[in-house]
Amino acid sequence: MYIRNVIGTASIGLLFFALFAYAAPAIQAAEKAALHDRIGTLRSLERESFEWQLYALDIARVLKSMPPSPERSKAQRAFKPQVEAFVRRDAQAAADKHIRSQTDAWTRRIGQALAGQGLEMQVRWKEARGNYVASIDYKDMNAALAKTLATETGLSDSARKAGFDRLEFVNSATAKRWDYRLDGASEIRAQVLRQAATEWGLDEL
């Protein structure tokens, strides 16, 4: 994860001033000492080097750990673009990790269920241009069967909840396909962002 877009636009002087001018009264002594140490180290490092980015991330985490207070809110407002960028990137990574885990599990589960019913359907998933796509291949797949599977079973709903953006049915003999839009990943990402905003005390992201 690149940190340069998180705090890279703020000068070290602004970072030092805003955190202490606004937040110091609300930070406990141990937290204040830790923050002071991190900022002191940050000022001695080459800007945006790997070590600089690590300490900048630590500072963002310390800011997150501050107890809710008017001073904390002022500090977060002072760093609003940087804090929100950090939260979005962190939430995006968490959401994608969750989605990959769920899509893997869904693919195995549905594949085993279909095989258990004696159906020679191959279930797989792929990521295409940021979209998660579930595919069900069958040599006798046709439009009517694809519609039945997509609309009259719980297949589409379970795929959406697993994080798939699209469910496609493929005739493995002719390569013809029928697509159904789900937008599951978008729903999960939005939910994770809402949770992250609540955790950070932000109105919205």
Side-chain angles (χ1 to χ4, degrees), residues 1-8 53 57 60-61 64 76 80-205:
M1 178 187 299
Y2 290 101
I3 311 302
R4 63 186 306 171
N5 291 330
V6 176
I7 309 180
Q53 293 179 43
L57 179 57
R61 288 173 175 163
K64 177 182 177 180
Q76 286 192 196
K80 189 173 186 292
Q82 292 77 31
V83 168
E84 291 186 354
F86 167 73
V87 174
R88 285 194 190 96
R89 294 177 71 88
D90 194 53
Q92 175 76 31
D96 284 342
K97 181 178 180 180
H98 174 76
I99 292 169
R100 290 189 181 98
S101 174
Q102 293 300 305
T103 51
D104 277 339
W106 184 92
T107 301
R108 290 193 300 270
R109 185 174 69 253
I110 298 302
Q112 291 170 358
L114 293 174
Q117 296 178 28
L119 297 172
E120 297 180 356
M121 295 183 178
Q122 184 174 13
V123 184
R124 65 184 73 180
W125 78 271
K126 63 184 177 181
E127 186 177 356
R129 297 180 180 178
N131 291 321
Y132 293 87
V133 183
S135 296
I136 297 180
D137 294 20
Y138 182 50
K139 62 183 180 63
D140 294 322
M141 186 65 69
N142 55 48
L145 178 57
K147 183 178 180 180
T148 297
L149 292 172
T151 62
E152 299 181 19
T153 70
L155 199 61
S156 291
D157 187 55
S158 67
R160 179 181 56 79
K161 290 179 179 178
F164 286 107
D165 295 295
R166 194 170 78 243
L167 176 61
E168 64 179 19
F169 299 92
V170 182
N171 183 305
S172 54
T174 64
K176 189 172 182 179
R177 65 188 63 226
W178 297 265
D179 290 350
Y180 292 84
R181 190 73 192 178
L182 304 176
D183 294 322
S186 298
E187 293 180 9
I188 290 177
R189 291 189 184 106
Q191 180 182 5
V192 172
L193 276 175
R194 286 194 297 270
Q195 293 172 344
T198 299
E199 183 180 4
W200 278 76
L202 302 171
D203 293 334
E204 61 181 13
L205 283 170

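Side chains included, hydrogens not; waters and symmetry mates left out as well; all remaining heavy atoms used.
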Query raised in the report: Val123 and Thr107: which non-hydrogen atoms are nearest, and at how many Å?
Result: O-CG2, 3.5 Å
Query raised in the report: Taking NZ, NE, NH1 and NH2 as the nitrogens, is one of them in Lys161 or Glu187 under 4.0 Å from a carboxylate oxygen of the other?
Result: no
**Report entry** Atom pair CG (Leu114) and CE (Met121), whose distance is rounded to the nearest 0.5 Å
**Finding:** 6.0 Å
**Report entry** Worked check of side-chain contact (heavy atoms from CB on, under 4.5 Å) between Leu182 and Asp165
**Finding:** CA-CA 5 Å; Leu182 304 176; Asp165 295 295; 5.9 Å; no
Report task. Please identify each residue that fulfils side-chain contact (heavy atoms from CB on, under 4.5 Å) with Thr148, with sequence neighbours left out. Result -> Glu152
Query raised in the report: For Gln122 and Arg124, does a side-chain donor sit closer than 3.5 Å to a side-chain acceptor?
Result: yes
Query - Asp90 with Arg88: basic N within carboxylate O range, under 4.0 Å - result: no
Requested in this report: Using the ring pair (Phe, Tyr, Trp, His ring centres under 6.0 Å) rule, collect all pairs that involve residues 103-128, keeping only residues at least two apart or in two chains.
Outcome: Trp106-Phe164, Trp125-Tyr132
Query raised in the report: Which heavy atom of Asn171 sits nearest a heavy atom of Ala173, and at what distance?
Result: OD1-N, 2.8 Å
**Report entry** Any side-chain donor near an acceptor of the partner, Asp96 and Gln92, under 3.5 Å
**Finding:** yes
Query raised in the report: Counting N and O atoms only, with roles assigned by atom type, does the side chain of Ser101 sit under 3.5 Å from a partner on the main chain of Lys97, one being a donor and the other an acceptor?
Result: no
Report task. Locate the shortest heavy-atom distance separating Ala196 from Val87; write the atom from each residue and the value. Result -> CB-CG1, 3.6 Å
**Report entry** Heavy-atom pair of closest approach, residues Leu167 and Ser156
**Finding:** CD2-OG, 3.6 Å
Show me the donor-acceptor pairs within less than 3.5 Å that the side chains of residues 135-147 make with the rest of the protein, sequence neighbours left out.
from: Ser135; atom 1: OG; to: Glu168; atom 2: OE2; distance (Å): 2.3
from: Asn142; atom 1: OD1; to: Ala144; atom 2: N; distance (Å): 3.2
from: Asn142; atom 1: OD1; to: Leu145; atom 2: N; distance (Å): 2.7

Query raised in the report: With distance as the sole test, does Asp183 use its side chain to make a donor-acceptor pair with the main-chain N or O of Ser186 at under 3.5 Å?
Result: no
Report task. Mind running side-chain contact (heavy atoms from CB on, under 4.5 Å) on Arg194 and Val192 for me, showing each step along the way? Result -> CA-CA 5 Å; Arg194 286 194 297 270; Val192 172; over 6 Å; no
